[in-house]
Asks: 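Please see the structure below; I have some questions.
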Amino acid sequence: MTSTLNTQLHSISFAAFILQEIMGNPREDETPQSRLKQVGMMSVLYIMHQGHQPLTISNLVEITKLTRMGVSEVIEPLIARGMLTETFVKNSMGRGKARQFAISDEIFEKLRSFQIK
């Protein structure tokens, strides 16, 4: 298979997996709207990941045009679900701390088990 086809299959697999994980496993304190926002945010994060862009609040604000609080409200449940990990790095000015996220390795491990060889 060509690498383009593999990339497309991986993207479709990721989207389907995320949709099932979030919509199929509602948390008590979530609304359907909250879950849809999480699915959308994971899509944005995946595209950023594929483009080797840092997954930071500032970058998410720039891309989504949400407020910092709006981004945080969607990110927090994804961290609680274990879909994202969070670390603290120096901010772009090198003086303070910034939150940086990564898509959980567990998600990619689960997806690898479904790969077509």
Side-chain angles (χ1 to χ4, degrees):
M1 248 184 254
T2 66
S3 66
T4 301
L5 185 54
N6 281 337
T7 300
Q8 290 172 341
L9 287 173
H10 193 270
S11 295
I12 291 167
S13 298
F14 183 86
F17 178 78
I18 293 303
L19 184 66
Q20 174 57 39
E21 282 295 305
I22 294 172
M23 299 305 285
N25 299 301
R27 295 170 63 98
E28 247 182 67
D29 56 341
E30 292 176 333
T31 64
Q33 180 181 6
S34 170
R35 291 192 303 279
L36 282 174
K37 286 179 182 180
Q38 291 173 53
V39 170
M41 185 61 77
M42 285 300 293
S43 297
V44 170
L45 290 163
Y46 180 71
I47 291 167
M48 290 173 67
H49 170 82
Q50 292 296 91
H52 306 286
Q53 295 177 319
L55 308 183
T56 62
I57 296 279
S58 294
N59 286 348
L60 286 165
V61 166
E62 184 178 331
I63 289 169
T64 64
K65 306 301 184 215
L66 291 169
T67 63
R68 293 180 77 76
M69 182 60 79
V71 168
S72 291
E73 286 176 359
V74 180
I75 291 289
E76 293 304 324
L78 294 170
I79 293 169
R81 285 178 179 277
M83 298 183 115
L84 292 180
T85 59
E86 176 182 33
T87 57
F88 289 92
V89 296
K90 288 191 179 203
N91 67 15
S92 59
M93 301 181 89
R95 289 187 273 172
K97 289 186 180 179
R99 295 168 72 190
Q100 185 162 328
F101 307 98
I103 297 172
S104 170
D105 288 338
E106 184 178 311
I107 290 174
F108 292 118
E109 287 172 21
K110 287 180 181 178
L111 285 173
R112 274 192 280 284
S113 69
F114 298 118
Q115 277 184 338
I116 297 172
K117 307 223 180 204

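Along the sequence shown, residues carry numbers from 1. Worth saying up front: this structure is predicted, and the values here are computed from it rather than measured.
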Asks: Output side-chain donor-acceptor pairs under 3.5 Å for residues 21-29, partner residues at least two apart or in another chain, one line each.
Replies:
{"from": "N25", "atom 1": "ND2", "to": "E21", "atom 2": "O", "distance (Å)": "3.0"}

Asks: Kindly determine whether T67 and V61 satisfy side chain to side chain contact (heavy atoms under 4.5 Å, CB included), including the steps that lead there.
Replies: CA-CA 6 Å; T67 63; V61 166; over 6 Å; no
Asks: Could you tell me the separation between the CE atom of M69 and the CD1 atom of I57, rounded to the nearest 0.5 Å?
Replies: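 With rounding to 0.5 Å, CE (M69) is 10.0 Å from CD1 (I57).
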Asks: Using 0.5 Å steps for rounding, measure from the OG1 atom of T87 to the CZ atom of R99.
Replies: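 Rounded to the nearest 0.5 Å, the OG1-CZ separation comes to 10.5 Å.
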Asks: Could you tell me the separation between the OG atom of S72 and the CD1 atom of I79, rounded to the nearest 0.5 Å?
Replies: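 Result: 8.5 Å between the selected atoms.
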Asks: By the definition side-chain contact (heavy atoms from CB on, under 4.5 Å), identify the one residue from T85, I75, L78 that meets it with F101.
Replies: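 Output: one option passes, namely I75.
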Asks: Could you tell me the separation between the CD atom of E73 and the OG atom of S34, rounded to the nearest 0.5 Å?
Replies: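 Here the interatomic distance stands at 9.0 Å.
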Asks: Once side-chain hydrogen bond (donor to acceptor under 3.5 Å, both in side chains) is applied, do any residues pair with S58, and if so which ones, sequence neighbours excluded?
Replies: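 Per chain and number, S58 pairs via side-chain hydrogen bond (donor to acceptor under 3.5 Å, both in side chains) with R68.
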Asks: When rounded to the nearest 0.5 angstrom, what distance separates CZ in R35 from CD in E30?
Replies: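 R35 atom CZ to E30 atom CD measures 6.0 Å (nearest 0.5 Å).
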Asks: What heavy-atom pair brings S104 and G82 nearest, and what distance separates the two atoms?
Replies: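 Answer, listing the atom of S104 first, then G82: CB-O, 3.2 Å.
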Asks: Is E106 salt-bridged to R81, going by a charged N under 4.0 Å from an acidic O?
Replies: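 Judged by the 4.0 Å cut-off on N to carboxylate O distance, E106 and R81 do not form a salt bridge.
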Asks: With a 3.5 Å cut-off and sequence neighbours excluded, list the donor-acceptor pairs that the side chains of residues 40-53 form with protein atoms.
Replies:
{"from": "S43", "atom 1": "OG", "to": "V39", "atom 2": "O", "distance (Å)": "3.2"}
{"from": "Y46", "atom 1": "OH", "to": "H10", "atom 2": "ND1", "distance (Å)": "2.6"}

Asks: For the hydrophobic clusters of this structure (ILVMFWY residues joined by side-chain heavy atoms under 4.5 Å, transitively), does one cluster hold both L84 and I63?
Replies: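 Yes, it is one cluster - the side chains of L84 and I63 are joined through contacts under 4.5 Å.
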